[in-house]
Amino acid sequence: MLVSKSKNEELKAMYNMMEKLRHGFLAGIRVANMAKIVKYNASSHTADIQPLAQLSDGQVPAQLLDVPVSENCYILDEVLNRMKSEFSKVDAHIGSNLVGSLPAKNLMRSGVPVAYITLDRDSDNWKVGKANIYQPNSSRLHDINDSVVIAVFGGDAKNG
């Protein structure tokens with residue numbers, strides 16, 4: 001015997017199907033996320049990062065390698081490192097403690113939490129740090145390979 005569903009049951013099933021479809025679409029669009037710096041290359045301003053959010057199946061996501069790092073994440077480290085020798089001279093001359101007041105570590109380093117964004121388009125042909133118009137290398141969209149570290153969390157003025 002065939003049992004017919006009520007109109008409400010049909011609408012609820014359709015709604016649930018549409019919600020699952022919507023979730024599937026949204027799960028494929030990467031916007032921003034948290035990660036940990038695994039390795040930072042100060043000369044190329046790139047980092048290997050480990051995304052912190054587990055995948056929906058509980059697995060740990062793969063590391064992202066050679067991710068460009070935004071200048072705001074490392075510029076203060078570079079300026080202070082360049083000024084340390086000058087601060088040492090001032091300290092010796094007037095008895096101040098400028099070098100001792102600097103952070104003990106660089107803010108941008110292995111182990112710190114960061115935020116990264118995923119660009120809308122393929123960024124392979126973009127020259128990092130340049131405001132140049134570029135032709136995307138492919139038609140890929142919202143791909144994790146087009147991520148950029150944009151912020152560092154967890155440091156402070158004393159410890160870095």
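No hydrogens, no waters, no symmetry mates; every other heavy atom, side chains included, goes into these values. Not measured: the values here are computed from a predicted model.
Checking side-chain atoms of N106 against main-chain N and O of M108 turns up no donor-acceptor pair under 3.5 Å. A donor-acceptor contact shorter than 3.5 Å is absent between the side chain of E19 and the backbone of M14. When atom types are taken as modelled, the side chain of E9 and the backbone of S6 share a donor-acceptor pair closer than 3.5 angstrom. The backbone N or O of Y134 lies less than 3.5 Å from no partner atom in the side chain of N132, so there is not a single donor-acceptor pair. Not a single donor-acceptor pair under 3.5 Å links the side chain of D48 to the backbone N or O of V38. When atom types are taken as modelled, the side chain of N72 and the backbone of I150 share a donor-acceptor pair closer than 3.5 angstrom. No donor-acceptor pair closer than 3.5 Å links the side chain of N41 to the backbone N or O of T46. At least one donor-acceptor pair under 3.5 Å links the side chain of D77 to the backbone N or O of L107.
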Might you work through the side chain to side chain donor-acceptor pair (under 3.5 Å) test for S96 and D91, ending with a clear yes or no?
CA-CA 4 Å; S96 61; D91 285 347; 2.6 Å; yes
Verdict with reasoning, E78 to N81, per side-chain contact (heavy atoms from CB on, under 4.5 Å):
CA-CA 5 Å; E78 291 187 1; N81 287 337; 5.7 Å; no
Go through it in stages, so that I can follow the logic: the residues are I49 and V149, the test is side-chain contact (heavy atoms from CB on, under 4.5 Å), and I'd like the CA-CA distance, side-chain angles, deciding distance and then a yes or no.
CA-CA 9 Å; I49 62 174; V149 173; 4.1 Å; yes
Run the side chain to side chain donor-acceptor pair (under 3.5 Å) test on T118 and D146 for me, step by step, so that the C-alpha distance in whole Å, both residues' side-chain angles and the decisive distance to 0.1 Å come before the verdict.
CA-CA 6 Å; T118 300; D146 299 309; over 6 Å; no
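Atoms OH and NZ, from Y15 and K20 in turn, are 12.5 Å apart once rounded to the nearest 0.5 Å. Atom CG of L64 sits about 7.5 Å away from atom CG of N145, to the nearest 0.5 Å. Within the model, atoms OG of S139 and CG of D122 stand 8.5 Å from one another, a figure rounded to the nearest 0.5 Å. Atom CG in L52 sits 8.5 Å away from atom OH in Y116 (nearest 0.5 Å). In this structure, OG on S123 lies 10.0 Å from CG on N137, to the nearest 0.5 angstrom. Separation of atoms CD1 (I75) and CG (L80) is listed at 10.0 Å; rounding is to 0.5 Å.
Within the 4.5 Å cutoff, no side-chain heavy atoms of N33 are placed close to those of P51. Looking at P136 and R121, their side chains come closer than 4.5 Å, going by heavy atoms from C-beta outward. Contact check for I37 versus R109: no side-chain heavy atoms found under the 4.5 Å cut-off.
I94 and V99 fall within a single hydrophobic cluster, where Ile, Leu, Val, Met, Phe, Trp and Tyr side chains are chained together by heavy-atom contacts under 4.5 Å. A continuous path of hydrophobic side-chain contacts links F87 to V79 [ILVMFWY only; heavy atoms under 4.5 Å]. Hydrophobic clustering, with ILVMFWY side chains joined whenever heavy atoms are under 4.5 angstrom apart, groups I144 together with V67. By the criterion of side-chain heavy atoms lying less than 4.5 angstrom apart, applied directly or through intervening Ile, Leu, Val, Met, Phe, Trp or Tyr residues, L21 is not grouped with L11; the two fall into different hydrophobic clusters. Under a hydrophobic clustering in which Ile, Leu, Val, Met, Phe, Trp and Tyr are joined whenever their side-chain heavy atoms come within less than 4.5 Å, directly or via other members, L76 and L102 fall into the same cluster.
A salt bridge between D124 and R140 is present, with a side-chain N of the basic residue lying under 4.0 Å from a carboxylate O of the acidic one.
Taking each heavy atom of Q135 and N125 in turn, the nearest pair found is O-ND2, 2.8 Å. Considering all non-hydrogen atoms of both residues, P61 and L55 come closest at CB-CD2, 4.0 Å.
Contacts of Y74 classified as ring-ring contact (aromatic ring centres under 6.0 Å, His included), with partners at least two apart in sequence or in another chain: H45.
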